[in-house]
Protein chains: 2
Amino acid sequence: MTADPSARRGIPDATVARLPEYLRALTGFAERGITSVSSEELAAASGVRSAKLRKDLSHLGSYGVRGVGYEVDHLAYQISRELGLTQDWPVAIVGMGNLGHALAAYSGFATRGFRVVALLDQDEALHGQQIAGLPVRPMDTLDALVAEEGLAIGVIATPAGSAQDVCDQLVAAGVSSILNFAPCVLVVPDGVDVRKVDLSTELQILAFHEQRKALASAALGPVAKGVAK
Amino acid sequence: MTADPSARRGIPDATVARLPEYLRALTGFAERGITSVSSEELAAASGVRSAKLRKDLSHLGSYGVRGVGYEVDHLAYQISRELGLTQDWPVAIVGMGNLGHALAAYSGFATRGFRVVALLDQDEALHGQQIAGLPVRPMDTLDALVAEEGLAIGVIATPAGSAQDVCDQLVAAGVSSILNFAPCVLVVPDGVDVRKVDLSTELQILAFHEQRKALASAALGPVAKGVAK
DNA sequence: ACGCTTTTGTGAACGAATGCACAAAGTCAC
DNA sequence: GTGACTTTGTGCATTCGTTCACAAAAGCGT
């Protein structure tokens with residue numbers, strides 16, 4: 001059962017998290033008319049070591065040619081297929097504040113396998129207003145979106161206070177993958193995936209390292225002025 | 001040299017990445033007037049297991065009381081200090097498109113140890129324009145910001161095409177921590193930290209799991225209709 | 001046809017992170 | 001003051017991820 005003959009089940013999470021970056025690098029090569037890359041080149045363009053890249057790719061199958069490298073188009077297709085991007089995923093964005101606004105207008109989604117099919121907000125005052133060519137809808141249209149559009153992925157861009165409430169509504173309607181921009185922990189039933197993006201958290205991690213650098217240079221040479229600031 | 005007597009050097013990266021979440025949870029407890037929490041409660045509020053939480057906290061020192069728990073204020077202070085948040089970090093945002101706009105208006109920074117001191121853009125047409133109470137400045141004011149404000153952290157919210165260029169200018173001016181929202185790999189010299197936030201990447205990872213769920217339910221019972229869609 | 005060069009794919013060693021289980025250390029009731 | 005109870009801090013085992021190093025496989029020139 002665990003030993004799959006097609007040797008493909010169970011791609012490590014760490015690998016899955018890097019596949020999008022490989023895909024982007026491959027797209028870049030393709031745009032420049034390059035049809036073949038070595039693991040070394042692709043790794044450099046993705047910001048990883050070549051050994052790691054090769055091990056990652058080995059989990060999806062054997063798509064390289066020894067002595068030559070990888071065919072750009074073919075590898076890109078295989079990664080796309082593995083990530084489930086051969087189809088377009090409908091996405092709904094909830095919360096039309098500053099961030100929701102920016103996300104609705106972000107063009108990067110469309111080019112990478114996603115289609116924003118709806119914008120929602122709990123605030124009645126916003127309903128009907130057009131943002132980036134789409135009307136803002138009330139939350140109770142979620143069921144219809146899941147049924148008619150096959151909506152499965154929701155993006156939460158509300159304040160932290162309403163995030164859990166909105167999340168519950170998404171889950172109740174049948175959405176099973178959620179991208180959360182609100183700075184809070186979401187509780188969801190089994191079978192629902194949540195990923196969190198938190199701007200403050202990222203800055204705080206940077207601050208930690210920044211402080212470490214400052215302390216280190218202060219300890220080694222408190223005299224330094226130009227460089228160690 | 002590596003063996004530090006105060007037993008504090010070398011906090012694992014995985015732990016550092018979770019400290020902001022603990023800090024947020026603690027702030028939540030404090031706001032509700034709770035002065036003491038157990039590792040179990042704090043872990044639940046942070047979305048981790050209590051054993052993990054305790055091991056994480058043990059890396060910063062021994063701030064709990066056996067049989068009782070942790071004093072909320074004290075632990076919050078210790079984590080803040082470890083993350084370097086007892087001071088306010090000046091931050092500059094580069095790229096005043098949709099996303100830069102939203103980030104400039106985001107109030108979450110100020111409450112968590114950061115202060116947006118400048119907005120920059122390469123586009124001359126935007127210079128002088130006011131966004132969220134700050135004027136948009138040209139890139140050549142970076143040196144002054146580093147010298148006068150002590151700027152050390154920069155946020156890149158430009159399109160992918162100009163991100164490396166902007167990054168180089170930040171680094172040249174002396175910025176040594178960068179938060180990158182552009183969907184591309186940045187090359188920086190040693191001593192400069194980069195963290196990347198990529199919306200499409202996150203969605204693609206969700207799509208992978210979503211596809212896996214769809215395939216699994218299709219394989220186990222292609223008959224199911226209501227639930228497995 | 002054959003050896004030389006290149007580059008993949010992978011076994012094995014290593015290191016980091018997680019989870020478990022319990023002794024140590026404290027509080028509290030009486 | 002003493003014993004029962006609670007909760008932390010941590011050694012240990014395990015799992016997960018990365019790096020190394022090289023054999024196997026392909027192309028190429030002659």
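Lettering of chains follows the sequences in order, A, B, ..., and the numbering in each one begins at 1.
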Interatomic distance, [X] [atom1] vs [N] [atom2] [rounded to whole Å]:
X: B:Y70; N: C:dG26; atom1: OH; atom2: P; result: 14 Å
X: B:K52; N: D:dG9; atom1: NZ; atom2: C1'; result: 18 Å
X: A:L53; N: C:dT7; atom1: CG; atom2: P; result: 14 Å
X: B:D56; N: C:dT18; atom1: CG; atom2: P; result: 7 Å
X: A:E40; N: D:dC20; atom1: CD; atom2: P; result: 12 Å

For a quick check, tell me whether the side chain of [X] and the base of [N] share a donor-acceptor pair closer than 3.5 Å.
X: A:R54; N: C:dG9; value: yes
X: B:R66; N: D:dT8; value: yes
X: B:K55; N: C:dG19; value: yes

Q | Side-chain heavy atoms of B:I178 within contact of B:R195, under 4.5 Å | A |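 No; the side chains remain at least 4.5 Å from each other.
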Q: For the side chain of A:S58, starting at C-beta, report the closest nucleotide among D:dT18, C:dT10, D:dT10.
A: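 The answer is C:dT10, which lies nearest to the side chain.
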**Q.** Any donor-acceptor N or O pair under 3.5 Å, side chains A:E210, B:S176
**A.**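 A donor-acceptor contact under 3.5 Å links the two side chains.
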Q) Of the non-hydrogen atoms in B:I205 and A:A17, which two are nearest, and what is the gap between them? A)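 Minimum heavy-atom separation between B:I205 and A:A17: CD1-CA, 3.7 Å.
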Under 4.0 Å from OP1 or OP2 of [N]: is there any side-chain N or O of [X] that close?
X: A:Y63; N: C:dT7; result: no
X: B:S39; N: D:dT7; result: no
X: B:S62; N: D:dG9; result: yes

Q. Which of these, A:V185, A:I156, A:V155, sits in a side-chain contact (heavy atoms from CB on, under 4.5 Å) with A:N180?
A.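 Of A:V185, A:I156, A:V155, side-chain contact (heavy atoms from CB on, under 4.5 Å) with A:N180 is met by A:I156 alone.
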